[in-house]
Structure formats: C-alpha cells, structure tokens
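Notes follow the structure.
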Number of protein chains: 2
Amino acid sequence: MQVKIKDVAKRAGVSVTTVSRVLNGEKYVKDDLRAKVNRVIEELGYTPSQIARSLVRKKTNLIGVIVPDLTSSFYSTILSSIERVASENEYNLLVCNISEDIDKELKYLNVFQEMRVEGIIIMHEKINEPIRQFIHKIRIPVIFSSVKPMDQSFVSVIVDDYKAAYEATRYLIELGHDAIGFIGGDMRDITSGQNRYSGYRNAMTDQGKKLVYEHIRFGDYKVQSGYDQMKELLRIDNPPTAVFAVSDDMAVGAINCIRDQGLRVPEDISVMGFDGSQLTELVRPALTSMEQPIQEMGQVTMNVLLQQIAGESEQAGDVVLAHRIAVRESCRSIQQ
Amino acid sequence: MQVKIKDVAKRAGVSVTTVSRVLNGEKYVKDDLRAKVNRVIEELGYTPSQIARSLVRKKTNLIGVIVPDLTSSFYSTILSSIERVASENEYNLLVCNISEDIDKELKYLNVFQEMRVEGIIIMHEKINEPIRQFIHKIRIPVIFSSVKPMDQSFVSVIVDDYKAAYEATRYLIELGHDAIGFIGGDMRDITSGQNRYSGYRNAMTDQGKKLVYEHIRFGDYKVQSGYDQMKELLRIDNPPTAVFAVSDDMAVGAINCIRDQGLRVPEDISVMGFDGSQLTELVRPALTSMEQPIQEMGQVTMNVLLQQIAGESEQAGDVVLAHRIAVRESCRSIQQ
DNA sequence: CTGAAAGCGCTTACAG
DNA sequence: CTGAAAGCGCTTACAG
C-alpha cells in the first residue's frame with residue numbers, strides 16, 4: 001500500500017490538516033511541527049496524490065492535445081513549444097495522435113472530458129459534425145493551432161495563409177517565372193487547402209500570369225505526394241519553370257522527383273516550400289520556403305489557452321502570426 | 001457546475017449505485033431502469049469523472065513518457081508507436097520533453113508519481129544519481145526505450161548496438177574501404193556512445209584495418225555536429241574514403257558538408273548512418289543506414305510495460321530487437 | 001497556530 | 001435486481 005497523509009499524520013503525532021498545510025507550504029504552522037512533519041514525509045517516502053487533490057480542488061493541471069501526426073516535424077515542433085510553456089506553468093500534457101482516424105478524435109475528446117482536462121489544443125482541421133457539436137457543448141476551452149476549421153466560431157492561432165501563399169507566388173513571379181506550377185493540399189482544408197490555393201491563383205492573375213490547368217495539382221502535404229504530383233507536372237509538354245508546394249515535405253518530394261528525372265534544382269526548375277520546418281536546412285539544395293513561425297505558434301497557442309483557462313481574456317477572434325520568406329537555394333531568378 | 005452522478009440518480013429516480021452500474025455496463029440492472037438512466041445521462045449531458053473513478057479504483061490508466069527531444073524524428077516515431085499501443089489498451093500518455101535538462105527529468109518523475117501513473121517510459125540514458133535512486137525507490141514499473149542507462153538492473157528495449165556498429169563497419173570494409181572515418185556519440189552513453197564505438201574499433205582491427213586517431217571524432221547525434229565533425233575529417237591530409245556516423249542526422253550533416261566542400265557522395269566519400277529514421281529516404285543520395293526497428297521498438301516497449309503493469313512477466317533482462325542494414329545510395333564499393 | 005468534520009464524485013462490498 | 005453506507009486520499013471552511 002501507498003503511504004497516505006493519514007499515515008504521516010499518525011507518525012508525526014499531528015492532524016492530517018497540519019500535514020496538508022506543510023505540504024501546501026501554508027504559513028501558520030509552528031516551525032517544530034513543520035520540521036517533524038517534513039522528517040516523517042522523508043522517512044516514509046510519502047508522495048501526495050494528485051488524483052485526490054484534483055478531486056477536491058477541481059483542478060487537474062492537465063491539457064489535452066490532439067496531434068494529427070506525431071512523426072511530422074512540423075507538428076512535433078509545435079508540440080515541443082507547447083510542452084515547454086505548459087511545463088513552465090505547471091501544466092501537464094495528455095497527448096493523442098490521431099492518424100487520419102476521425103473516430104479516434106471523438107473518442108479522445110471524450111476521454112479528455114472525463115479526465116477533466118482544463119483546456120484542449122487541436123492541430124487538425126478535419127472536424128466532422130459530431131466533433132463540431134461536441135466542441136460547442138463542452139465547457140472546456142478549446143483552441144486550434146496552425147489550422148482553421150470550418151466553424152468560424154472556433155479560435156485558431158495561425159498565419160494568414162492566403163497572404164502567405166500570395167506573397168510566395170509573387171516572389172516566384174518577381175524572379176521572372178511565368179509558368180509556375182502549384183502543388184496544393186486538401187481543398188476541404190480551409191487554412192492549408194483553400195486559402196493557399198486562392199493566394200496562388202490571385203497572385204498569378206493579379207500579375208497578369210496565365211493559370212494553366214495542367215500546372216495545378218493537389219497532394220496530401222506529405223513527401224511522397226509531392227514526389228508523385230511533381231512527376232505529373234514533368235509529364236506535360238511545357239512543364240513549369242518554378243513550382244510552389246504548400247508544404248516543405250511536398251517541396252522536398254518535388255525536388256527529389258526532379259533530380260531523379262535527371263534535372264537540376266534550381267537550374268532547371270525552382271522549388272518553393274511552405275512551413276519552415278527543419279527539413280528546409282537539411283536538404284540540398286536548401287529549401288526556400290514561406291515560413292510560419294512554428295515555435296512561436298506553439299508558444300502563443302499555449303499562452304492564449306492559459307488565459308482562457310484563467311478566464312481572463314475571452315479571445316475574440318483568431319490570433320494571426322507573421323509569416324516570412326526564407327530565401328535559401330532552391331529558387332533562382334530567370335533571365336527574361 | 002458539472003453534473004454529477006447524484007444529479008442523474010435523482011432525476012432518474014434511482015440510486016447512485018444503479019447509475020454507476022449502468023455506467024460500467026454491469027448486468028443485473030432491469031432493462032427499463034437502464035433505459036431511463038441512459039436517457040437522463042443523455043438529457044443532462046453527463047460525463048463521469050475519471051478523477052473520482054481513479055481515486056476509488058486506484059487505477060489511472062496513465063503512462064508517463066519522458067522524451068529527450070520531441071522534434072527528433074527518431075524519438076517522435078517511437079512515441080507515435082507507443083501512443084498507438086497505449087490507446088488500443090485504453091491508456092493515456094502524459095508526455096514530457098526534457099531538452100538536456102536533467103533537473104526537469106527529476107521534477108517530471110515526481111509529477112508522474114504524484115499523478116499515480118501506472119508505468120513510466122524513458123528514452124534517455126543520461127541518468128544521474130538522484131534519478132537512479134528515485135527509479136529504484138519508486139514502485140511503478142519503469143522501462144527504457146532505445147537506450148540503456150548505466151544501471152544494469154533497469155530494463156531496456158534496444159538493439160545490440162555493439163553488433164550493429166560492428167556489422168555496419170564490416171559492411172564498409174567489405175565494400176573495399178580501408179580508411180573508414182567514425183563520427184561517434186557521447187562516450188558517457190552506453191548504448192549509442194560506447195557500444196557503437198567499440199563495434200567500430202573491433203570491426204576495424206578484426207579485419208586488420210588500422211585505427212587512425214584523426215579519423216575518429218565525436219558529435220552529439222544532431223545534424224549540425226555531423227557537419228562540423230565531417231569538416232574536421234576533411235581537413236586532414238588523407239581523409240577517409242568512407243565515414244560511419246552513429247546517427248542518421250549526423251550522417252546527413254556529414255553528407256551536406258562533403259557536398260558543400262565540392263566533393264560527391266558516394267563517388268568521393270561513402271557515408272553510412274545509423275537509426276533508420278525517415279530522413280534516410282528524404283535526402284539525396286538516399287542514406288544507407290544501419291537500421292533499428294523504430295516502430296517495433298515503441299510497440300514492444302509499450303507491450304512489455306503493459307505486462308509489467310499487469311504483474312505478469314517480471315521481464316528479467318533487456319529486450320533485444322533485430323537490426324539490419326538498409327542499402328540505399330550513399331555508400332559505394334571501391335576498386336582495389 | 002491547530003484539529004475535527006464535511007465533502008470532492010465516484011465504486012464497492014453488504015444486505016435485502 | 002436494487003440501494004444505503006462506507007471509503008478512496010486529499011483540502012477547506014469552521015471553531016477554538
């Protein structure tokens with residue numbers, strides 16, 4: 001049996017109330033009693049139960065986090081920032097990985113509720129109707145990080161994806177490219193699907209560039225799909241001289257495909273990514289990318305959530321963070 | 001206020017015992033009562049408190065996991081497997097990231113104990129004396145994954161690092177290389193430091209190869225250190241024709257360095273990695289690597305821990321998993 | 001400064 | 001099949 005507060009009290013010859021007081025560092029405990037209690041705690045190797053404490057205090061210090069893919073460098077970097085801020089504030093993370101499995105998500109949200117987590121972070125925008133309703137019903141603060149789900153009433157910490165994609169495309173145009181291929185994401189995703197696609201389209205047409213049907217393709221953000229989609233782009237008669245992929249992973253896949261076909265990056269084709277993940281500096285040529293402030297994103301997410309938990313600011317709308325182009329080696333200027 | 005079991009009982013006109021019974025799917029509840037209780041639960045949106053339940057059942061369904069670096073693809077892949085097995089068994093993960101901060105580790109172990117987790121997984125071998133004692137004292141099953149700490153009494157799920165490094169080196173020798181550089185890890189680490197180094201040394205001397213002082217360097221497993229150490233190797237008069245780095249990250253760093261110096265891989269220098277992380281297939285040339293079964297490692301770790309929790313097998317020694325060489329493009333055979 | 005008692009929200013013998 | 005009561009291990013008014 002675990003030793004409990006009662007055992008400590010008995011051995012120290014005081015009441016459990018007193019033991020509880022020294023445990024919680026309250027004053028109004030005479031020094032000699034405090035010393036004795038501490039000695040007994042040490043002797044018995046007593047550790048208070050957070051479970052019991054949570055029950056009476058109605059405070060668990062738990063945050064539930066739902067990650068779409070733990071093995072992704074993008075999400076695990078955000079998670080790592082979240083963890084840092086959480087631990088600085090004495091919060092612990094209950095981490096769930098839902099790999100595309102939307103049923104698992106609902107199950108986990110239920111678990112989170114049963115565990116009485118104080119807040120929930122979701123890095124996933126594919127929410128279905130039951131999940132949407134669940135989030136509305138639940139009285140625990142929920143915040144989305146790096147994604148923006150369909151329901152406008154949910155709060156997200158994101159970059160302006162439309163603007164970021166617009167600027168990325170314009171950057172390629174300014175480099176002299178006319179035919180710019182696009183490897184998009186899932187069009188059901190607002191953030192990384194629709195908004196980035198619109199940004200690309202509008203940048204093209206605003207600068208008087210032709211949108212070419214064959215130059216526009218969609219993947220699933222992962223390396224392999226970047227590779228596959230690039231293969232299709234290379235198959236057409238006049239392939240683009242530059243390609244903008246809406247994730248660094250897809251951009252790396254595209255680069256690999258181009259090189260496996262005997263072409264060079266950026267000499268033959270320029271490639272631009274999106275995200276600013278660790279990969280950008282690992283690959284050769286190093287990847288030019290429209291970067292999200294990944295670390296900051298995790299940090300801000302956790303801070304906003306903390307405020308919501310404290311009941312301070314009812315965070316009206318989304319928090320929009322700054323994006324920026326990180327120029328590396330994968331895009332080059334074209335002579336007119 | 002959260003609705004509680006008492007509210008449900010009152011509204012349904014039954015005792016809390018009965019509500020508890022339908023909640024836990026016990027039989028011996030008349031169908032009409034069960035139906036009524038379920039209806040009220042639905043109406044009131046009642047969710048049972050895991051906290052209260054844990055307190056009385058003395059079972060939290062919580063596993064504590066300590067990860068040295070969440071952003072590392074190696075650890076996050078293991079974590080992802082652990083999560084899958086855990087969730088299949090109704091366990092939830094409390095995840096802590098200790099970035100080199102050994103004090104944070106002790107603090108977290110304490111939190112785990114207070115949270116009454118049922119088991120602890122550690123992916124980190126740099127344990128100091130207080131931590132060592134803590135683990136011995138605590139009456140919660142602890143298991144190490146992918147690492148082997150100094151204390152032989154702790155159980156680990158690992159590969160045979162000595163043998164793996166031996167075979168990796170022998171592979172390069174069989175390819176015809178005489179001068180094989182080595183980029184090792186931290187020599188205070190048994191698994192990835194000492195054992196891999198011994199494997200390299202013995203493979204070299206067993207095959208009659210000369211150990212060259214200048215060919216042996218040590219990094220910290222990360223990309224940048226692979227880059228830096230490779231730079232040193234290239235600085236000497238007769239640089240090695242092949243390099244074995246004890247992590248894929250360092251191998252990638254080495255490749256980048258070699259290429260940034262205007263040399264080619266594998267034409268000028270062959271590079272072999274260790275781990276079998278996702279990176280191996282992302283980079284060009286794709287990285288030949290001594291692979292650990294990363295996914296299986298997480299899975300086995302969780303399964304063994306689950307058995308320990310169930311009190312079934314007292315897992316005597318370590319669990320040693322099979323390694324294998326995955327040949328890709330970064331090593332080539334040398335003409336004698 | 002200290003302690004007896006109630007209560008947090010459940011489950012589990014025990015009795016019927 | 002059902003319910004009253006005790007108890008899980010703490011904290012927190014309340015009284016002294």
Side-chain angles (χ1 to χ4, degrees), chain A residues 1-38 40-41 44-62 90 110-111 113-118 139-140, chain B residues 1-38 40-41 44-62 90 110-111 113-118 139-140:
Chain A
M1 285 304 323
Q2 277 273 4
V3 8
K4 39 201 172 184
I5 198 171
K6 205 173 165 185
D7 303 320
V8 176
K10 198 167 295 172
R11 182 92 104 99
V14 297
S15 70
V16 296
T17 312
T18 298
V19 178
S20 173
R21 284 196 181 105
V22 351
L23 244 29
N24 294 294
E26 291 173 29
K27 36 190 186 179
Y28 301 136
V29 180
K30 255 191 189 151
D31 286 347
D32 57 331
L33 278 195
R34 183 185 302 277
K36 186 189 286 179
V37 168
N38 277 324
V40 174
I41 286 176
L44 265 42
Y46 169 70
T47 318
S49 160
Q50 257 303 137
I51 303 295
R53 189 175 284 181
S54 294
L55 185 61
V56 21
R57 286 206 185 142
K58 294 172 179 310
K59 177 150 179 43
T60 56
N61 282 50
L62 246 29
E90 313 285 306
N110 264 302
V111 171
Q113 188 177 206
E114 295 191 351
M115 293 292 288
R116 302 295 191 254
V117 301
E118 296 181 36
R139 284 135 92 222
I140 300 172
Chain B
M1 285 299 327
Q2 277 273 3
V3 8
K4 37 199 174 185
I5 199 170
K6 205 173 165 186
D7 304 320
V8 176
K10 198 168 296 175
R11 180 92 103 103
V14 297
S15 71
V16 296
T17 312
T18 299
V19 178
S20 173
R21 284 195 182 108
V22 351
L23 243 31
N24 293 297
E26 291 173 28
K27 35 189 187 178
Y28 302 136
V29 180
K30 255 190 188 152
D31 286 349
D32 58 330
L33 278 196
R34 182 185 303 277
K36 185 188 288 178
V37 169
N38 277 325
V40 174
I41 286 175
L44 266 41
Y46 169 70
T47 317
S49 161
Q50 258 304 137
I51 302 296
R53 191 176 284 181
S54 293
L55 184 60
V56 21
R57 286 206 185 140
K58 294 171 178 309
K59 177 152 179 42
T60 56
N61 282 50
L62 247 29
E90 314 285 305
N110 264 303
V111 171
Q113 188 176 207
E114 294 188 354
M115 293 291 288
R116 301 295 190 254
V117 301
E118 297 181 35
R139 284 136 92 222
I140 299 172

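Chain A is the first sequence line, chain B the second, and so forth, proteins listed ahead of strands; every chain is numbered from 1.
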**Request:** Verify the distance criterion only: is there a donor paired with an acceptor across the side chains of A:S15 and A:T18 at less than 3.5 Å?
**Result:** yes

**Item:** Exam field: side chain B:E114 to backbone A:T47, donor-acceptor pair closer than 3.5 Å
**Value:** no

**Message:** To the closest 0.5 Å, what do you measure between CG (B:L55) and OG (A:S49)?
**Reply:** 6.0 Å

**Item:** Contact letters for nucleotides 7-16 of chain D, in which S counts primed atoms plus P, OP1 and OP2 and B counts the base, heavy atoms under 4.0 Å
**Value:** BBBBSBB---

**Message:** Return the CD1 to CG distance between A:I5 and A:L44, rounded to the nearest 0.5 Å.
**Reply:** 12.5 Å

**Fill in**
Value for CD (A:Q50) from CG (A:L62), rounded to nearest 0.5 Å, stands at 9.0 Å

**Asked** Does a sphere of radius 6.0 Å around NZ in A:K59 hold more than 12 heavy atoms from other residues, nucleotides or ligands, not counting ones at 6.0 Å or beyond?
**Response** yes

**Item:** Between NZ on residue A:K36 and CZ on residue A:R11, distance to nearest 0.5 Å
**Value:** 12.0 Å

**Request:** Using heavy atoms and a sub-4.0 Å distance, could you list which residues of residues 7-15 of chain A are near DNA chain C? By number, please.
**Result:** A:V14, A:S15

**Asked** Are any side-chain N or O atoms of A:N38 and backbone N or O atoms of A:A35, one a donor and one an acceptor, separated by less than 3.5 Å?
**Response** no

**Between CZ on residue B:R21 and OH on residue B:Y28, distance to nearest 0.5 Å** = 11.0 Å

**Request:** Starting at the 5' end of DNA chain C, write a dot or bracket for each base, bracketing those in Watson-Crick or G-U wobble pairs whose two distances are under 3.5 Å and using | for partners on another strand.
**Result:** |||.||||||||.|||

**Complete:** So CD1 of A:I140 and CE of A:M115: to nearest 0.5 Å the spacing works out to 11.5 Å

